[in-house]
Amino acid sequence: MIRRRPGPDGRTPVWFRRITVPAALLPAVLLLAVTVLSPVASFSPAAPAAAAPPVPAPDWDRPGGYTPQVQIGAVHTVYYPRELGRGGVRHPIVLWGNGTGAIPGFYTHLLRHYASHGFVTVAANTPTSNFAISMRWGIDLMARHAADPRSLFYKKVDLSRIAAAGHSQGGSGAINAAVDPRVTTVVAMAPGPLNDVTLVRDASVLYLAGSDDAVVWPALVRAMYQRSGHLPAAYLELRRTAHLEAVTSGGSMRAPSTAWLHYWLLGDRRARGEFFGAGCGYCAGDPRVAAFEVNRAAQRHGTGG
C-alpha cells in the first residue's frame, strides 16, 4: 500500500510504501540488515603463519647442481662446471695437490664432485706437489683464462676466492700454496710434514686426519693445527679412516671438505653450521667424528664475534 505523509519540514509530502515481510523470512532479513549496516565487518584475524623450519644442511657427500667437465692440459687438469657462468656467477677456484706418486686421475671422483658444486678445480699434474710450485701456477693459468675473450673461462672465475686443497704430500703442498696471499683458505687432508704454517699470514685452514692412518698419524696433523693459532683453523679427525681414504672419491673426507669450501668460498650459512655454534654438525656427537676442534680465530669468524 502506498501512502503520503508530511516530510521533515512539515510541508513537503513524502510518499512511502509499507512492505509486509512474511514471518518465515524475518530472521534472514534481520541478518542481512545487520551485515549491511554494521559499520565494521566482524572478521576474526587470521592466525599468523607458522614460522618456516630452518633449512637443513645438505648432504655434502652428494653431487651439487652442476655437471662436471674435465679439460686435460700439459701441466694442469681442470675440473669445471659445464654450466660455467650460469646466472652471471663467477666461480671460485680450488687448487689441488696430489699425494706422492699420484696424478689427478687418482682423485677424479673427488675433483669432479668439487666441480659439481661450482668450484673450478685446477689440479697440478705433478706427482711431487709438496712445494706447491705447479699448484700456484694454477692461479696464473686461470688469471690468463679469465682475461682472454677466447677462453671458456673468460669472466667466469673469481680470482678473489681461491682455495688450496690436497692429500698427503699434496695436503702439505696446499699449506705451502697458502704462503701466496691470493689463497684464502686451505683443506689439508692427512698432510705430510714438509711445511711451515707459520709462514701463512692470511688464510683459514681445515686439517683432516684419519683415526686409522698409519702413515700420517693424527697426532702429527693435530700438531700442525696447534701451530695455526694466528689463523682461523679447525681440526677434524674421522673414525675408521685410513691414509688412502681420500683416493678416488675422497671417502669420509669429501663431505667436510666440501662444506668447508662452501663456507669459506661461497659464504654458505648452511655450511657454517657444520663447524660453528652450539650443536654444530661436527661437534654434536657425530659417530663419524673421533675429535673436532676449532681455534679462537675461527670461532670469532664463524660466530661473528
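The analysis underlying the following values was restricted to heavy atoms, covering all of them including side chains, and did not include hydrogens, waters or symmetry mates.
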Exercise for the section: Tell me, with the steps shown, if Y107 and V247 meet side chain to side chain contact (heavy atoms under 4.5 Å, CB included). Expected result: CA-CA 5 Å; Y107 301 92; V247 174; 4.1 Å; yes

Practice task
Decide yes or no for P104 and N98: does some side-chain heavy atom of the first lie under 4.5 Å from some side-chain heavy atom of the second?
Solution key: yes

Exercise for the section: Calculate, to the nearest 0.5 Å, the distance between atoms CE and CG belonging to M142 and D158 respectively. Expected result: 11.5 Å

Exercise for the section: Please answer whether the main-chain N or O of L231 pairs with a side-chain N or O of N295 as donor and acceptor at a distance below 3.5 Å. Expected result: yes

Problem - D61 side-chain N/O to R254 backbone N/O, donor-acceptor pair under 3.5 Å - result: no

Practice task
For T258 and P256, indicate whether the former's side chain and the latter's backbone hold a donor-acceptor pair under 3.5 Å.
Solution key: no

Problem - Side-chain heavy atoms of F275 within contact of F292, under 4.5 Å - result: yes

Exercise for the section: Answer yes or no: does atom CZ of R240 have more than 12 heavy-atom neighbours from other residues, nucleotides or ligands under 6.0 Å? Expected result: no

Problem - Any donor-acceptor N/O pair, R239 side chain to P287 backbone, under 3.5 Å - result: yes

Practice task
Name the orientation class of the two ring planes belonging to Y235 and Y225 (parallel below 30°, tilted from 30 to 60°, perpendicular beyond 60°).
Solution key: tilted

Practice task
Answer with yes or no whether the side chains of S134 and T126 bring together a donor and an acceptor at under 3.5 Å.
Solution key: no

Practice task
Without swapping roles, check the side chain of E245 against the backbone of S252 for a donor-acceptor pair under 3.5 Å.
Solution key: yes

Practice task
Establish whether F119 and L95 are linked, either directly or via other cluster members, by ILVMFWY side-chain heavy-atom contacts under 4.5 Å.
Solution key: no

Handout entry: Shared hydrophobic cluster for L206 and W60 (ILVMFWY, side-chain gaps under 4.5 Å)
Key = no

Practice task
Look at the side chain of T77 and the backbone N and O of I72, then say whether any donor-acceptor pair between them is shorter than 3.5 Å.
Solution key: no

Problem - L111 with V120, same ILVMFWY side-chain cluster at under 4.5 Å - result: no

Handout entry: Atom of H262, atom of A271 and distance for their closest heavy-atom approach
Key = CB-CB, 3.8 Å

Practice task
Look at the side chain of H167 and the backbone N and O of G250, then say whether any donor-acceptor pair between them is shorter than 3.5 Å.
Solution key: no

Exercise for the section: Could you tell me whether the side chain of Q169 and the main chain of S129 form a donor-acceptor pair under 3.5 Å? Expected result: yes

Completion exercise
Checking F153, Y80, Y66 against H91 for ring-ring contact (aromatic ring centres under 6.0 Å, His included), the one that qualifies is Y66

Practice task
Please confirm whether H117 and H113 have ring centers closer than 6.0 angstrom.
Solution key: yes

Practice task
Count the heavy atoms of every other residue, nucleotide or ligand shown that sit under 6.0 Å from CG of D202, and state whether that count exceeds 12.
Solution key: no

Fill in the blank from the handout: Smallest heavy-atom separation, P218 atom then G210 atom, equals CG-O, 3.1 Å

Problem - Close side-chain approach of M224 to P191, heavy-atom, < 4.5 Å - result: yes

Practice task
Please check if L238 and Y207 belong to a single hydrophobic cluster, counting links between Ile, Leu, Val, Met, Phe, Trp and Tyr side chain heavy atoms closer than 4.5 Å.
Solution key: no

Handout entry: Same apolar cluster (I L V M F W Y, side chains within < 4.5 Å links), W96/V187
Key = yes

Handout entry: Side-chain donor-acceptor pair present, N130, S172, cut-off under 3.5 Å
Key = yes

Exercise for the section: Using a strict 4.0 Å threshold on nitrogen-to-oxygen distance, state whether R62 and D59 make a salt bridge. Expected result: no

Problem - Passing candidate, side-chain hydrogen bond (donor to acceptor under 3.5 Å, both in side chains) with T185, options W260, W264, Y263 - result: W260

Practice task
Decide side chain to side chain contact (heavy atoms under 4.5 Å, CB included) for S257 and Y114; before the verdict, give the C-alpha distance in whole Å, the side-chain angles of both, and the deciding distance to 0.1 Å.
Solution key: CA-CA 9 Å; S257 66; Y114 290 159; 2.7 Å; yes

Handout entry: Non-hydrogen side-chain atoms of R182 and L159 separated by less than 4.5 Å
Key = no

Handout entry: Flag, side chain of S168 to backbone of G170, donor-acceptor distance under 3.5 Å
Key = no

Handout entry: Beyond-backbone contact of L265 with V94, side-chain heavy atoms, under 4.5 angstrom
Key = yes

Exercise for the section: Evaluate whether atom NE2 of H230 has more than 12 neighbouring non-hydrogen atoms of other residues, nucleotides or ligands under 6.0 angstrom away. Expected result: yes

Problem - Close side-chain approach of H145 to L152, heavy-atom, < 4.5 Å - result: no

Practice task
Would you check if the side chain of N176 reaches a backbone N or O of L194 as a donor-acceptor pair within less than 3.5 Å?
Solution key: yes

